[in-house]
Each structure stands twice: as C-alpha cells, then as structure tokens.
2 protein chains.
Amino acid sequence: MIRKTKVQIRSLDVARLAGVSRSAVSRTYTTGAYVSEETRQKVLSAAEMLGYAPNALARSLITKRTGIVGIVSTDLDNPFYAALLQQLGTALQDAGLAPLLLFGDENSTDQQITQMMSYRVDALAMTNATLSSRMAARFAASDKPIVAINRYLAQEEITSITCDNADGAAKVVDHLVEIGCRKIAFVAGHPDASSSRDRESGFLRQMAQHGLSPTLIAVGDYTHYGGAEAARRILGAGKTPDAIACANDLMAFGVMDVARNTFGINIPGQLKVTGFDNSSLADWPSHALTSVDQNVAKMVQLAVALILAGITGTPQATPSHLQISSRLVLRASTIG
Amino acid sequence: MIRKTKVQIRSLDVARLAGVSRSAVSRTYTTGAYVSEETRQKVLSAAEMLGYAPNALARSLITKRTGIVGIVSTDLDNPFYAALLQQLGTALQDAGLAPLLLFGDENSTDQQITQMMSYRVDALAMTNATLSSRMAARFAASDKPIVAINRYLAQEEITSITCDNADGAAKVVDHLVEIGCRKIAFVAGHPDASSSRDRESGFLRQMAQHGLSPTLIAVGDYTHYGGAEAARRILGAGKTPDAIACANDLMAFGVMDVARNTFGINIPGQLKVTGFDNSSLADWPSHALTSVDQNVAKMVQLAVALILAGITGTPQATPSHLQISSRLVLRASTIG
DNA sequence: CAATATGCTGCACACATGTGCAGAGTGGAA
DNA sequence: TTCCACTCTGCACATGTGTGCAGCATATTG
C-alpha cells in the first residue's frame with residue numbers, strides 16, 4: 001500500500017521549484033505588492049503543480065488578522081434562524097471572511113466565547129445568548145467588533161441590531177382591531193429574550209391605546225410545541241378570544257394546528273392568528289400566516305457593514321442599538 | 001476618550017506575571033505535561049487576571065492540528081439540512097472541534113475547498129456539492145478525512161454516508177400499494193444529486209416488482225416551489241393518480257398545498273402523499289406527512305466517528321459508501 | 001556618459017506557540 | 001556523606017508566513 005505524503009507544502013517549496021525567493025511567493029499572494037508579472041506566473045504554475053495554498057493561520061500571526069468571524073447561534077429548529085445564519089454566512093463569505101460556527105445555549109455561551117477568542121476571530125456575531133458581563137468586557141477589551149443580532153444584551157459595550165419589535169407588535173394590534181377583533185390573546189416567547197419582552201410590551205402598549213386589555217397572555221417558549229401548549233391553555237380557558245397574536249411564527253403554527261385540529265376552530269372565520277418573523281413557511285398556502293417581516297436582508301447587511309468597519313480599523317462608533325423598521329404582511333390567517 | 005489596549009496578551013506576559021518560564025505556561029494548557037500543581041495555579045490565576053487564552057493558531061503551527069473542521073453546506077431553506085447542520089456542529093463541538101462553515105453551490109465548491117485548505121482544516125464534511133476531481137484528489141492527498149453526508153460523489157477517494165435511499169423509496173411503494181394505490185406518480189429532486197437518483201431508481205424498481213409503472217415522473221428540484229409546480233403538472237395532466245410520492249418532504253408540502261388549495265383534493269381521501277426526510281415539520285398536524293426517516297442522529301454519529309478516527313491517525317480505512325437503514329413513518333397523509 | 005529614478009528581489013527578523021533535552025532541586029537509601 | 005531516582009523547569013529550536021530595508025539591474029533624464 002502506498003503511503004501518502006503527509007508533508008506540508010510550504011512557500012519555500014514553491015519558491016525552489018519556481019526558482020525564486022520565498023518572498024516572491026509571499027508577494028504573489030499579497031494584493032498590492034511588487035511582483036513582476038513574469039515571476040508571478042512562475043510562482044503560480046509552481047504552486048499549481050504542488051497543490052500549494054498559503055497557510056492562512058501562519059499568515060495571521062503576522063498580519064494580526066485571521067479572516068475568521070465567530071458566529072454563536074441558537075439551534076436551527078426555528079426556520080428564521082436558519083435563514084438568518086445562511087444569509088449572514090453567505091454575506092461574510094462574499095466579503096472574504098469565513099464564519100466559525102458554534103451553537104450555544106444560555107449556560108455554555110461563555111465557554112464558546114473563550115474558544116472563539118483562542119481562535120483569534122476578527123469579529124463576533126451573536127444571534128442568541130445571554131452573555132456574562134465578564135466575558136463581554138473581556139471581548140470588548142480586545143477592541144474587536146461584536147454585534148448581537150435580533151436581540152440586545154445587558155452589556156453596553158455591545159452593538160445590537162434588531163427590528164423595531166415593539167412597533168411590529170403594535171402594527172399587529174392595529175390590524176386586528178381594524179378588522180374587528182376585541183378579545184385578543186398573546187403568546188410570548190422566551191422570557192429571557194429581549195425580543196419577546198419588546199414584542200409583548202409593544203402589544204400591551206398598543207392594546208391600551210385602543211382601550212383594550214389582553215384576554216390572556218401565555219408563554220410559548222418560541223417553539224412549535226410551546227405554541228401548541230399555549231393554544232390549549234388559551235382555548236380551553238372558557239373565554240375564547242377572537243384573535244391570538246404570537247411572538248413568532250413557529251408558535252403561531254402550533255396555535256393554528258391546535259385550534260383547527262383539537263378545537264375544530266375555523267381560521268380566520270372564528271379566530272384570527274398572527275405571527276412574527278415572516279419566515280418562508282408563513283407564505284405556504286397551508287399556513288398563510290399574517291406576520292411581521294423583520295427584513296433579515298437588511299439586518300445582515302448592517303451587521304456585515306459594522307463588522308467590516310470594525311475590522312478595517314475605522315474608529316469604532318459608540319456601541320448602540322440599531323433598529324430596523326418592520327413591515328406587516330397580511331395573509332389568510334386574518335383576512336378571509 | 002480612553003484608547004483601548006490593542007496589544008495581544010501572550011504566554012510570555014502570563015509567565016512574567018506568574019514568575020515562571022513560558023514553558024510552564026504552555027504546559028499548563030497542555031494535557032498530560034509535567035507541571036506541579038503549585039505553578040499550575042500561579043499560571044491560571046495570572047492568566048485569569050490578564051484575560052489570556054492560548055493562541056490556537058500559533059499552536060497549530062507546531063502541533064499540525066487546528067481543531068477546525070470544514071463544513072460545506074447547501075442552503076438551509078430545507079429544514080432537513082438545517083437540522084443536519086445543527087446536529088453535526090454540536091457533535092463536533094462536543095468532540096472539541098470547531099466547525100468552519102461555508103455555503104457552496106455546484107459551481108463555487110472548488111473555491112470553498114481551497115479556502116478550507118488554506119485554513120488547514122483537520123477534516124472536511126460536505127453535505128452538498130459536486131466536487132471537481134482535481135480538488136478531490138488534492139484534498140485526499142493531504143491525507144485528511146473527508147466525508148460526504150447525504151450524498152456520494154463520483155470520486156472514489158471520498159467516504160460517503162447516506163441512508164439506503166433506494167430501500168426507503170421501496171418501502172414507500174410497498175406501503176402505498178398495500179393501502180390500495182395503483183396509479184402512483186413520483187416527484188424527483190435535483191437530477192445532479194445522487195440521493196434523488198437513488199430514490200427514483202428504488203421507486204421504479206419496486207413499482208416494477210409489483211407489476212406497476214409510474215403514472216408520471218416530474219422534477220421538483222427539492223424545493224417547496226418546485227413541488228408545487230410538479231403537482232400542477234401532474235394533477236393538471238388529466239389522468240389523476242391516487243398517490244404522489246416525493247423525493248423529499250419540502251416538495252411533498254408543496255404538492256399538498258397545491259392539491260388542496262388549487263384542485264380542492266382531499267388528502268388522504270382522494271390522494272395519498274408521501275415525503276422523504278421525516279423533518280420535524282412532517283409531524284405537525286397541519287402536514288401530518290408520511291415520510292421516510294433518515295436517522296440523522298446516526299448519520300452524524302458515524303460522520304464524527306470517522307472524522308475523529310482520521311484525525312487521531314488511525315490507519316485510514318479504505319473509503320467506502322456507508323448506508324444507514326431508513327424507517328417509514330406513517331401519518332395522516334396516507335392513512336385516514 | 002553620468003546621474004538619477006524606477007521596478008523588483010532577497011535577506012533577515014518577527015509573530016506566538018509546543019517540545020526534546022539537559023540539568024536543577026529534593027528526598028530517600030546505603 | 002554519597003549516590004541514585006524522581007519531579008519538575010527553562011533553554012533553545014522549530015513551525016510557515018509577511019514585510020522593512022538595502023541593494024541590484026534597468027530605464028530615463030540631463
């Protein structure tokens with residue numbers, strides 16, 4: 001059996017084969033460095049022959065840049081986060097950066113951050129996570145950009161990007177009231193998440209604006225199962241509402257499933273249901289869910305711009321909380 | 001305004017503060033190296049004070065191990081791939097490895113591989129991708145494990161893990177025939193994907209086994225939209241089938257949407273529909289889709305075991321095509 | 001032709017770390 | 001005391017790369 005060659009190909013090997021110095025090889029792969037077209041070609045063909053690719057890790061020792069961006073993500077059961085991750089990853093990739101992906105729940109996030117730091121990521125994007133203040137301070141001290149997407153954290157050092165969650169929820173209330181609903185229940189997400197709190201407070205505020213108070217508030221934990229459970233509690237409680245507003249789409253799907261299948265309720269005839277996220281599933285005829293669009297593309301664009309600015313050393317703007325305007329998308333779950 | 005300190009903290013800084021040599025610091029972070037408990041504690045408290053984390057990149061220069069595993073993934077619109085990515089990522093994380101994520105379509109994969117190679121990933125997992133043979137050979141030459149998940153590639157150097165796609169499709173046919181279906185149509189996925197070809201051939205073989213030939217075969221490109229389009233073609237073609245078997249769940253959802261909403265067909269009364277993947281959505285009451293379970297957990301477990309074995313230098317088993325047995329899960333889309 | 005400018009190359013150092021090896025220090029036994 | 005075994009430490013080299021600087025060859029100008 002033939003033993004494969006395990007030896008790593010270095011720039012020196014390429015240099016020897018091409019008959020030039022190692023510096024020439026390095027400069028060939030560095031944009032904007034002095035190399036004559038002739039040696040450049042010699043280098044490239046030698047590299048091709050040997051299957052050489054510059055060692056990005058060794059390079060990072062010198063340049064202080066790894067080109068790696070850490071992403072700490074929640075689980076992808078929620079199609080909204082799957083879409084977010086994909087768009088974010090693609091955008092970073094297009095900017096020449098590579099995402100290092102770690103999944104973290106509330107308890108393990110500090111550990112993931114440590115790992116990210118040991119890989120010297122150029123920036124950090126978080127789509128989940130309550131972050132301990134010790135870690136936040138430590139990462140912020142490294143002067144690298146860190147951005148929280150779709151939720152904001154307690155730490156002031158961290159820039160966050162969310163949609164105007166309260167406003168979005170208010171739009172939902174306005175719409176429901178306009179089409180005649182008065183007894184409106186609310187299904188909240190995870191109590192720790194800022195997005196859930198903001199959507200709930202926006203809901204309540206706008207209800208009060210209309211002189212209404214919520215029929216019932218249940219917690220659905222942002223999952224399909226939790227939404228279904230919440231629906232059982234709400235619809236089984238006697239005073240049936242004429243609308244249920246949910247803090248995300250996934251729970252709304254659970255609510256509709258239970259309303260239709262367990263309680264035999266017609267949607268939107270007897271009950272209107274709304275979601276939040278406008279995930280691609282909301283547009284399927286089987287769901288046709290009225291939902292609030294968060295404009296993921298804009299969120300991602302903003303996040304990447306922020307990260308790039310931070311990496312290229314543009315003077316760090318003071319950390320802030322950026323809000324993107326949301327948009328209510330009407331579908332058959334509220335309008336017949 | 002206070003200028004943040006941009007200086008990187010090195011092991012030397014920790015060593016000085018702790019009053020030991022740099023080697024002692026290094027050994028503190030290396031499992032199974034001689035350090036007295038006393039100096040270990042001195043080092044750890046000094047590190048904590050400075051916020052030090054060893055530079056994993058510099059370390060990799062010496063150890064020849066990065067701890068990074070490349071994942072080349074398709075887009076995550078398909079919830080099956082989202083679940084696969086999450087489970088794979090988590091499993092790698094638990095094994096002390098960090099996934100570097102790149103999204104690649106058929107055309108760009110070679111470029112992603114080059115990038116992965118320049119980051120010196122310890123292993124490569126691909127969930128998509130037709131890979132050029134030049135790239136396959138190049139990566140295989142580096143003697144690092146590479147595994148294709150959920151599809152196999154033309155190159156023999158690459159181990160692949162799939163479920164027994166043909167068998168799964170055959171089980172679908174058996175089930176449909178058993179409950180009385182005779183006029184069965186098939187919606188294929190993407191013609192380039194081995195999974196689609198295998199499922200189709202398994203379907204056809206088992207149909208022949210029962211003395212049947214398919215009513216119609218349409219291509220749905222593995223998307224919800226494609227499935228919906230395929231359903232329009234099939235159901236609009238006059239000779240309406242009594243069952244439509246789909247090469248994945250996403251297309252089946254599209255088929256059901258169109259059948260119910262556009263053609264007013266009752267499922268499963270007038271038409272049975274089956275999927276493939278058993279994604280979490282299939283279990284929702286709104287879909288209740290009979291589907292083939294691929295056993296993602298097992299696929300991931302196998303993939304990670306293979307990767308770990310390859311990394312730790314266990315003599316590389318000859319590349320092969322591993323198959324996992326699938327399981328048909330019955331739901332209301334076929335049984336009333 | 002001389003003087004200067006231009007385009008390019010190679011040397012040598014720096015980056016942050018792991019590890020083999022020699023040797024220092026300690027304790028115990030003869 | 002002397003010798004040996006044992007546990008640990010620090011020196012120094014290696015890993016693969018980017019880049020400032022000096023210098024070489026060639027082109028341009030006076």
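Excluded from the calculations below are hydrogen atoms, water molecules and symmetry mates; all remaining heavy atoms, backbone and side chain alike, are included. Below, read A as the first sequence line, B as the second, and so on, with proteins coming before strands; counting in each chain starts at 1.
- Counting heavy atoms from C-beta on, the side chains of B:V121 and B:F139 come closer than 4.5 Å.
- The CE atom of B:M49 lies 11.5 Å from the CG atom of B:L44; values are rounded to the nearest 0.5 Å.
- Within the structure, a side-chain polar atom (N or O) of B:S21 is placed less than 4.0 Å from OP1 or OP2 of D:dG10.
- Note that CZ of B:F80 and CG of B:N150 are 4.0 Å apart. Values are rounded to the nearest 0.5 Å.
- With DNA chain D read from its 5' end, the first of the two nearest nucleotides for B:A58 and B:G19 is the one closest to B:G19.
- Taking atom CD of residue A:E37 and atom C1' of nucleotide C:dC8, one finds them 13 Å apart after rounding to whole Å.
- If you check every strand for non-hydrogen atoms under 4.0 Å, B:V20 touches sugar and phosphate atoms only.
- Side-chain contact, B:Q115 with B:Q111: no donor N or O sits under 3.5 Å from an acceptor N or O.
- A donor and an acceptor atom never sit less than 3.5 Å apart when one is taken from the side chain of B:R120 and the other from the base of D:dG16.
- Near DNA chain D, meaning a heavy atom under 4.0 Å away, there are no residues from residues 43-56 of chain B.
- For A:S11, no side-chain nitrogen or oxygen approaches OP1 or OP2 of D:dG16 to under 4.0 Å.
- Following rounding to the nearest Å, B:I62 (CD1) and D:dA12 (P) show an atom-to-atom distance of 17 Å.
- Protein atom CG of B:L57 is 15 Å distant from nucleotide atom C1' of C:dG18, rounded to whole Å.
- A donor-acceptor pair under 3.5 Å is absent between the side-chain atoms of A:S108 and the main chain of A:G104, judged by distance alone.
- With C:dC8, C:dT19, D:dG18 as the choices, the nucleotide that has an atom nearest any side-chain atom of A:T63 turns out to be D:dG18.
- Not a single donor-acceptor pair, N or O on each side, falls under 3.5 Å between the base of C:dC8 and the side chain of A:T39.
- Out of C:dA12, D:dG16, D:dC13, the shortest distance to the side chain of B:R22 is found at D:dC13.
- Residues A:S11 and A:Y29 bring no donor and acceptor atom of their side chains to less than 3.5 Å of each other.
- The base of D:dG18 has none of its N or O atoms less than 3.5 Å from a complementary donor or acceptor on the side chain of A:R65.
- Contacts of B:V35 with the nucleic acid, taken as non-hydrogen atoms under 4.0 Å apart, involve only primed sugar atoms and P, OP1 or OP2.
- Nucleotide D:dG18 holds its P atom 10 Å from the CZ atom of A:R27, rounded to whole Å.
- Looking at heavy-atom distances under 4.0 Å, A:S60 makes no contact with the nucleic acid at all.
- In this entry the distance linking NZ of B:K42 with C1' of D:dG10 reads 13 Å, nearest Å.
- Each of B:A24 and A:Y29 was assigned the nucleotide of DNA chain D with the nearest heavy atom; the assignment lying further toward the 5' end belongs to B:A24.
- In this structure, A:L61 atom CG and D:dG16 atom C1' are separated by 8 Å, rounded to whole Å.
- OP1 or OP2 of C:dG18 has not a single side-chain nitrogen or oxygen of B:K64 nearer than 4.0 Å.
- Considering only heavy atoms from C-beta on, A:L101 comes within 4.5 Å of A:S73 through its side chain.
- Listed by chain and residue number, A:R151, A:Y152, A:R197 satisfy the side-chain contact (heavy atoms from CB on, under 4.5 Å) test with A:S194 (two or more places apart in sequence, or in another chain).
- With A:Q93 contributing its side chain and B:L102 its backbone, the two residues share no donor-acceptor pair below 3.5 Å.
- Side-chain contact between B:L76 and B:F103 is present, with heavy atoms from C-beta onward closer than 4.5 Å.
- End-to-end axis angle of the helix from C:dC1-D:dG30 to C:dA30-D:dT1, using five pairs per end and rounding to 10°, comes to 50°.
- Nucleotide C:dT19 holds its P atom 9 Å from the CZ atom of B:R59, rounded to whole Å.
- Although no hydrogens or angles enter the test, the distance criterion places a donor-acceptor pair under 3.5 Å between the side chain of B:D122 and the main chain of B:G67.
- Residue A:S36 places no side-chain N or O under 4.0 Å from the OP1 or OP2 atom of C:dG7.
- Counting to the nearest Å, the C1' atom of C:dT17 and the CD1 atom of B:I9 are 16 Å from each other.
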